[in-house]
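Residue numbers count from 1 along this sequence. Ligands are counted one by one from 1 in listed order, and the atoms in each one are counted from 1 as well.
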Amino acid sequence: MIARLSLDTLAQVPETVARPGYEPARHGAGIVHIGVGAFHRAHQAVYTDAALAGAGGDWRIDGISLRSTQIADALNPQHGLYSLIERGEEGASARVVGSLRRVIAAARDGQAPLAALAAPETRIVSLTVTEKAYGIDRARGCADEAHPAVAADLAAARRPQGVLGLLCEGLRLRKEQGLPPFTILCCDNLPDNGGLVRTGLVDFAARLDPSLADWIGAAVAFPSTMVDRITPAPTEETQAKAQRLLGLADLAAVEAEPFTQWVVEDHFPTGRPAWEQGGAIFVADVAPYEAMKLRMLNGTHSMMAYTGFLCGHKYVRDVMRDGALARLVRRHLKAAAATLGPLDGIDTKDYADVLARRFANPAIAHETYQIAMDGTEKLPQRIAAPALHALVHGQKLRPFAFAVAAWMRYCLGRGEDGAAYALRDPREAAIAAAVKGVEGDARGICRALSALPGLFPARLVQNAYWQEEVETVLSAMLEKGVADTVRREAEGLPAGG
Ligand code: CS2
């Protein structure tokens, strides 16, 4: 049987694979990270690895897996070690990352998550749990009491299972013990992610204990951040590739594109690792970077996901090989860029070129179906916000209307061959109820889905021109098919943008 990657076998890793530039076991932990999925392992953990190598410190990461036990079972026998495979056009390279110390599986490890959050050495709690896991009502700016985890944690605050519940109880324990709070670093693709989590958490705490809420509001730092690295869900092929490169089995390997970016608001009163060693950029205001990434990268990604999936393209790279869709990608990037304010040292045209190349990376198998997931959580910041900006400023609306129509077509849950697929959206039931009985009627679908609370700003959906644009595209998709609509839409657009 092939040996597993671990501290005991690390020395066997071939020279061609980079190893941690420090001795992992000599460093204590300073970070608890909630949500130890592929993205965290391809991004923040890698920056922390570089910080430990370049500047040292007790900044290793204790991960908390909220639902899965599988990640803990993969990583703990490996002493937290795993490999990151970077895949670009020129080939693949691998490195072993040593910044993760252990993973706690909240589903079976009892009080261990709270013990980690309340530990004196914990100075930062970072999160990548996906947009839907927070249970924050963004339209109302409060904790969403209808969210299952929020409801459960409000009812049993000392045994929390969800994000807000864990953060709140962890902070309550620290306050009780006279410990300083930890800094909370949300690394999900949400606008003003620090401010948003602050709003949700303070409101959640206020429902349990107003004095705790006051303390959180006054003493806890919530820096905002923009994170970026395209990281497909790992597959068996990822593990097989890692085994070939390492000569050891690695059940926690991840693969990602070579590009990586991290822009962080530099507000860490409890200290932080020297993440600049890995190339992180520290700024006073993250908002313009965040808007650029959410609208240009993620907005275009969502448009590609819905149209691409419905045209039968499994991966993002296949969308870029479809001439008509590639033109629409360029059109969307341009329209999204037009909604942004100027950003020092950044030319959005260059950024768009880099994005188009990243999307086309032939070595990255990023599923359109993966990106299509959780549309109701993604559309507001990716499509609706820039669309509203475009409306207010008299800019092009059509690219955004096109993306929304594709999402609406996707919401019907059936491909053009009639085969059903799961929407994988937290509001799946509300979507199904909304479109029931109007499946063939573009206007009916458009009205019903536009009325879902909190999804589209009123000013946008009440605009007759916007509505007409969405309905026109959707009705073409229903009558002529998505591929044909894409082809007609792209006619006359330049190939290279
Ligand atoms: C993607 C993102 O799945 C999605 O919705 O748009 O995960 C995207 O790959 C990352 O934000 C890239 O940094």
Look at atom 7 (O) of ligand 1 and say which protein heavy atom is nearest, naming residue and atom and giving the distance to 0.1 Å.
-> Asn189 ND2, 4.3 Å
List every atom of ligand 1 that sits less than 4.0 Å from any heavy atom of Arg229, numbering the atoms from 1 in the order shown and giving each element.
-> 12 (C), 13 (O)
Is the closest heavy-atom distance from Lys293 to ligand 1 below 4.0 Å?
-> yes
Thr376 and Arg427 side chains, donor-acceptor separation under 3.5 Å | no
Among protein heavy atoms, which lies nearest atom 2 (C) of ligand 1, and at what distance?
-> Asn298 ND2, 3.6 Å
Considering only heavy atoms of Lys378, which atoms of ligand 1 have at least one such atom less than 4.0 Å away?
-> 3 (O), 4 (C), 5 (O)
Given the side-chain rings of His147 and Tyr134, with only the six-membered ring counted for Trp, is the space between their centroids under 6.0 Å?
-> no
Quick one: do Asp266 and Arg272 satisfy salt bridge (Lys or Arg N to Asp or Glu O under 4.0 Å)? Show the steps, please.
-> CA-CA 9 Å; Asp266 203 359; Arg272 63 164 173 82; 3.0 Å; yes
Would you kindly specify which portion of Met226 sits under 4.0 Å from ligand 1, judged on non-hydrogen atoms: side chain, backbone, both or neither?
-> neither
Which residue holds the protein heavy atom closest to atom 1 (C) of ligand 1, what is that atom called, and what is the gap in Å?
-> His301 ND1, 3.4 Å
Ligand 1 to His366 polar contact by distance, N or O atoms, under 3.5 Å | no
Sub-4.0 Å heavy-atom approach of His43 to ligand 1 = no
Does the ring centre of Phe400 sit less than 6.0 Å away from the ring centre of His332?
-> yes
Asn189 and Lys378: side-chain donor and acceptor closer than 3.5 Å?
-> no
Pairing residues for Ala372 by the side-chain contact (heavy atoms from CB on, under 4.5 Å) criterion, not counting sequence neighbours = Ala305, Tyr306, Tyr410
For ligand 1, which atoms sit closer than 4.0 Å to a heavy atom of Asp228?
-> 12 (C), 13 (O)
Is the distance between the ring centroids of Trp275 and Phe268 less than 6.0 Å?
-> yes
